[in-house]
Every structure is written in C-alpha cells, then in structure tokens.
Amino acid sequence: MNAVALRRAHPADCERVWAFNFAPDVRAVSGTAEPVSPAQHAAWFAQRLSEVDAPIWIIESEGEAVGVVRIDRIRGPSRFGRISIALDRAARGRGIGQAAIAEATRTWAGPTLAEIHPDNLASRAAFEACGFALSSGPTTGALLSYAWSP
Ligand SMILES: CC(C)(COP(=O)(O)OP(=O)(O)OC[C@H]1O[C@@H](n2cnc3c(N)ncnc32)[C@H](O)[C@@H]1OP(=O)(O)O)[C@@H](O)C(=O)NCCC(=O)NCCS
C-alpha cells in the first residue's frame with residue numbers, strides 16, 4: 001500500500017479541491033448534478049474552512065496531493081458526520097481511498113454516514129472495507145446510506 005497521509009486543507013487548496021470534486025466522473029456519482037461556478041465553489045470553500053470542527057483534508061500519497069476527503073456535520077439531533085471523498089483518477093484502485101477513509105474516520109471518531117450511488121462499486125467496497133455497513137439512514141435521491149460508528 002502507498003504511504004497515505006491526510007493534511008488539513010488551507011485556502012491555497014481551493015482550486016485543487018475544485019479539480020478533485022468537479023471532475024466529470026466524480027460529479028456523475030455525486031448526489032447533486034446542479035452546476036457550481038468557480039466563484040460559488042470559492043465562497044463555499046472559504047466558508048467551509050471556517051468550520052474548524054468539520055474537517056477537510058487533502059489526501060497525499062508519496063507526498064503528492066491526490067484527492068480530498070471531508071466530513072460535514074449533519075445538523076439536527078442525529079449528531080452524525082457525512083463523509084465525502086474524491087481521488088484523482090490516476091490515484092484510484094491502489095488502496096489510497098480505503099486508507100484515507102480509515103484515517104478520516106479514526107480522526108473524526110464519531111458516527112459517520114456515507115451516501116453512495118448504487119453503481120459505485122469501488123466506493124461501496126472501499127467504505128465496506130473500512131467497517132461501514134448499509135443502513136436505512138437518510139439519503140439524497142437514489143443514493144445508498146452507509147453508516148459507521150467508532
Ligand atoms: C471511491 C474511491 C474513493 C475509492 O478509492 P480507491 O483508492 O479507488 O479504492 P481502493 O483501491 O482503496 O479499493 C477499495 C476497495 O474497492 C475495490 N475496488 C477498487 N476499485 C474498484 C472498482 N473499479 N470496482 C469494484 N471494486 C473496486 C478494491 O478491490 C477494494 O476492495 P477490497 O478491500 O475488498 O479488495 C475512489 O475510487 C474515487 O475517488 N472515486 C471517484 C469519486 C467517488 O466515487 N467518490 C465516492 C463518492 S460516494
């Protein structure tokens with residue numbers, strides 16, 4: 001397995017995170033298809049970085065930035081976090097996603113949801129390998145809900 005490390009994102013990562021999250025094949029498996037302009041992304045990213053208790057990490061492999069993983073706090077009584085991950089296409093299929101999910105949830109250390117497109121077999125396998133199990137939790141559209149607890 002590659003040496004995988006997570007580092008907290010900072011403002012200079014804005015464009016990089018855009019590139020990871022808005023690659024067409026990543027958007028195709030996300031819950032929302034609405035277009036997001038670079039300016040809207042920049043505003044979201046700045047606001048999101050200010051939420052210090054809801055981390056965004058850059059995934060590094062062999063010292064190179066290869067993806068992004070974040071945990072959003074789900075508002076309301078559930079006290080769950082929702083994890084999202086996107087790797088650069090060239091970094092996929094080598095265990096990096098699984099390592100990043102494991103490290104993110106270990107650090108977060110609280111109950112966590114993942115919403116996954118049913119056809120996204122790589123994502124389902126990566127989350128299952130990290131201990132996530134199919135649940136009947138809330139979902140967006142046709143996505144499956146997976147849950148993990150420490
Ligand atoms: C989903 C994603 C994070 C998985 O990370 P990855 O590094 O590619 O996956 P890994 O190499 O860690 O593999 C994890 C598991 O998935 C399996 N897997 C990998 N690619 C696969 C594929 N194309 N089809 C089926 N299974 C696959 C692996 O065999 C492994 O399972 P195992 O532990 O039982 O052997 C990554 O592919 C990605 O960023 N995809 C695009 C964005 C995305 O789908 N994000 C998730 C939205 S919910």
Side-chain angles (χ1 to χ4, degrees), residues 1-10 13-38 40-42 44-45 48-49 51 54-76 78-150:
M1 181 177 291
N2 288 270
V4 177
L6 302 187
R7 68 159 174 82
R8 288 294 284 251
H10 45 68
D13 291 310
C14 184
E15 216 170 298
R16 172 178 282 142
V17 169
W18 163 269
F20 292 137
N21 279 340
F22 288 91
D25 59 352
V26 173
R27 287 298 274 173
V29 293
S30 80
T32 53
E34 289 155 29
V36 175
S37 71
Q40 285 172 312
H41 169 73
W44 170 84
F45 189 64
R48 200 47 194 72
L49 284 183
E51 294 179 31
I56 303 179
W57 293 282
I58 300 299
I59 304 165
E60 295 186 334
S61 173
E62 312 294 353
E64 296 289 323
V66 296
V68 59
V69 58
R70 72 172 197 271
I71 297 183
D72 298 320
R73 280 191 176 278
I74 297 176
R75 307 291 168 199
S78 69
R79 301 179 65 200
F80 267 81
R82 183 186 289 109
I83 186 168
S84 308
I85 183 168
L87 292 184
D88 182 73
R89 173 184 280 278
R92 296 179 200 162
R94 291 189 272 130
I96 296 172
Q98 191 175 318
I101 293 163
E103 179 62 12
T105 49
R106 189 192 65 76
T107 306
W108 175 254
T112 309
L113 284 180
E115 293 185 334
I116 306 177
H117 194 285
D119 296 340
N120 193 348
L121 301 184
S123 184
R124 293 176 67 175
F127 279 97
E128 284 169 5
C130 293
F132 280 75
L134 203 51
S135 85
S136 55
T139 52
T140 310
L143 301 183
L144 299 174
S145 179
Y146 278 77
W148 175 88
S149 282

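Please read these numbers as outputs of a predicted model, since none were measured by experiment. Read the numbers this way: they start at 1 and go in the same order the structure lists the ligands and their atoms.
- The ligand atoms of ligand 1 that sit less than 4.0 angstrom from a heavy atom of E115 are 48 (S).
- The side chain of V29, and not its backbone, has at least one atom closer than 4.0 Å to an atom of ligand 1 (non-hydrogen atoms only; side chain from C-beta on).
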W108 vs I83, test: side-chain contact (heavy atoms from CB on, under 4.5 Å). Steps then yes/no. CA-CA 10 Å; W108 175 254; I83 186 168; over 6 Å; no

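- Every N/O-N/O distance between A129 and ligand 1 stays at or above 3.5 Å.
- Close approach of ligand 1 to Q98 is summarised as follows: ligand atoms under 4.0 Å from at least one heavy atom of the residue are 12 (O), 14 (C), 33 (O).
- Contact annotation: the side chain of V26 never approaches that of F20 to less than 4.5 Å [non-hydrogen atoms, C-beta and beyond].
- Only the side chain of N120 comes within 4.0 Å of ligand 1, judged by heavy-atom distances.
- To the nearest 0.5 angstrom, I101 atom CD1 is 11.0 Å from T112 atom OG1.
- G95 counts as a contact of ligand 1, since one of its heavy atoms falls under 4.0 Å from the ligand.
- The shortest N or O to N or O distance between G97 and ligand 1 is below 3.5 Å.
- Residue contacts with ligand 1, taken as heavy atom pairs separated by less than 4.0 Å, do not involve H117 at all.
- Across A91, A122, C130, heavy-atom proximity to atom 20 (N) of ligand 1 is greatest for A122.
- Of all the atoms in ligand 1, the ones that sit under 4.0 Å from a non-hydrogen atom of I96 are 7 (O), 12 (O).
- Here atom 8 (O) of ligand 1 lies nearest to G93 when heavy atoms of G93, S30, G67, A114 are compared.
- Under 4.0 Å from ligand 1, the heavy atoms of R94 that appear belong solely to its backbone.
- Here's the thing with F127: none of its N/O atoms is less than 3.5 angstrom from an N/O atom of ligand 1.
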